[in-house]
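Remember, it's a predicted structure, so these values are computed and weren't measured experimentally.
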Amino acid sequence: MLWEQAPFTTSGRFVRAVRALADRWLSEVLFTRTERDHVVAAAVGANLKG
């Protein structure tokens with residue numbers, strides 16, 4: 001789901017993709033709101049340069 005969209009050309013695109021997936025999982029009750037927020041925060045702080 002997420003990595004099929006890679007490579008992410010910007011961190012913003014990565015964060016948007018993570019947020020969309022996390023929101024989906026929240027709506028499917030696979031994540032709590034807190035878990036969703038933690039995952040999105042980790043995406044925001046991720047170092048994509050590798």
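Using a 4.5 Å cut-off on side-chain heavy atoms (C-beta onward), R13 and Q5 make no contact. Considering only heavy atoms from C-beta on, V15 stays 4.5 Å or farther from F8 through its side chain. A heavy-atom distance below 4.5 Å is found between the side chains of M1 and W25.
Residues V29 and L21 do not share a hydrophobic cluster, clusters being chains of Ile/Leu/Val/Met/Phe/Trp/Tyr side chains in contact below 4.5 Å.
Rounding to the nearest 0.5 angstrom, the gap separating the CG atom in L30 from the CZ atom in R36 is 14.5 Å. Here the CG-CD distance, from D23 to E28, works out to 11.0 Å after rounding to the nearest 0.5 Å. Here the straight-line distance linking atom OG1 of T32 with atom CG of D37 works out to 8.0 Å at 0.5 Å rounding.
Here the closest heavy-atom approach between residue A46 and residue F14 is recorded as CB-CE2, 4.1 Å. When all heavy atoms of L48 and T10 are compared, the closest pair comes out as CD1-O, 4.2 Å.
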